[in-house]
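Everything below concerns the one structure shown next.
Numbers restart at 1 for each chain; the letters A, B, ... are given by sequence-line order, proteins then strands.
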Number of protein chains: 2
Amino acid sequence: MADDYRGMLDADRLIHEPARLVITTILYTVESADFLYLLRETGLTKGNLSSHLSKLEEAGYVVIEKRFEGKTPRTLCRLTEAGRAAFEDYRQRLKRAAESLSGLG
Amino acid sequence: MADDYRGMLDADRLIHEPARLVITTILYTVESADFLYLLRETGLTKGNLSSHLSKLEEAGYVVIEKRFEGKTPRTLCRLTEAGRAAFEDYRQRLKRAAESLSGLG
DNA sequence: GCAGACTGGTTTGTATTGCAAACTGGTTTG
DNA sequence: CAAACCAGTTTGCAATACAAACCAGTCTGC
């Protein structure tokens, strides 16, 4: 419909935040990524990435597994089912909104 | 490109906010709308709509003209050229991001 | 003609956010 | 063994989003 852009009003704010959109998108495609990989890929600062991940974890969208690889710590992140579902819902809304906006000329 | 969703990292936060996205989208299509029309169309509360409009005005994206229509005040809003440009940039990013996300399966 | 409801908004208060700088616990290097 | 480094977390702060409270003026009932 022509006013599907209104669907953005109900979009999940947790995913809507650009930094987290990028994070979840990466996690959606990759299935598992570590902190440093996300750091490079997103270009965020460490503190920023850390707190966004915590927020996604609290929401149950991401699980964070910490382990040691030899002597160095490694933080693995992956999307939960809830996270995938939330991402897919967001993506759908985004798609509809984009199509709707493209129809404006 | 496949990772155009990263473009959202540089998206204009002023427009990215869902309430303001809806406001600017309406103003983009309508060229001039009054407060009460926007109120109905967006479903926002008055206070909320008022402060979003102020923010858009401060940014130079919207001009707000107050006049009296008989005895009742009327607040007219329209997008400036800068506002249209910002909206168009955002829309472009959104479109690319949506296409990019759609390619994820 | 005036008390109270209504109109069309704005301001205020609060809780949440996004961000980077400062910090932490541990490891490697000189 | 001190300094630098690594992989993150916590802290501090400025900016936000939101709705409730407010405000100036108008209409309505009595």
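Remark: B:K66 is in phosphate contact with C:dT10, judged by side-chain N or O atoms under 4.0 Å from OP1 or OP2. Checking the phosphate oxygens (OP1, OP2) of D:dA7, no side-chain nitrogen or oxygen of A:K71 falls inside 4.0 Å. Put simply, B:N48 has no side-chain N or O that comes within less than 4.0 Å of OP1 or OP2 on D:dA17. The side chain of B:H52 places an N or O atom within less than 4.0 Å of a non-bridging phosphate oxygen (OP1 or OP2) of D:dC18.
Atoms CG and OG1, on A:D3 and B:T25 in that order, are 10.5 Å from each other to the nearest 0.5 Å.
Comparing B:G47 and A:G47 by the nucleotide of DNA chain D that holds the closest heavy atom to each, the one mapping nearer the 5' end is A:G47. Of the residues near DNA chain D, A:L36 and A:R13, the one whose nearest nucleotide (by heavy atom distance) lies more toward the 5' end is A:L36. Of the residues near DNA chain C, A:A19 and A:P73, the one whose nearest nucleotide (by heavy atom distance) lies more toward the 5' end is A:A19.
Taking the charged nitrogens against the carboxylate oxygens, A:E88 and A:K95 have no contact shorter than 4.0 Å, which rules out a salt bridge.
If you measure from atom CD of B:E58 to atom C1' of D:dA17, you get 14 Å, rounded to the nearest angstrom. We find that CZ of B:R67 is positioned 19 Å from C1' of D:dG25, with the value rounded to whole Å. One atom, CG of A:L76, and another, C1' of D:dA7, lie 13 Å apart when rounded to the nearest Å. At whole-Å resolution of the value, NZ in B:K46 and P in C:dT11 are 14 Å apart. In this entry the distance linking CG of B:L49 with P of D:dC18 reads 11 Å, nearest Å.
Distance alone, capped at 3.5 Å, is enough to place a donor-acceptor pair between the A:R91 side chain and the B:L101 backbone.
At a threshold of 4.0 angstrom between heavy atoms, the contacts of B:T45 include nucleobase atoms, whether or not backbone atoms are also involved.
Judged by the 6.0 Å distance and 45° axis criteria, A:R84 is positioned over the aromatic ring of A:Y28.
The side chain to side chain contact (heavy atoms under 4.5 Å, CB included) test with A:L56 singles out one residue from A:T24, A:T80, A:L79, and that residue is A:T24.
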Bracket string, DNA chain C, 5' to 3' - pairs by Watson-Crick or G-U geometry under 3.5 Å, | interstrand:
||||||||||||||||||||||||||||||
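Residue pairs satisfying the side chain to side chain donor-acceptor pair (under 3.5 Å) criterion with at least one member in residues 35-44 of chain A, sequence neighbours excluded, are listed as follows: A:E41-B:R6.
Within the 4.5 Å cutoff, the side chain of B:E17 has heavy atoms near those of the B:H52 side chain.
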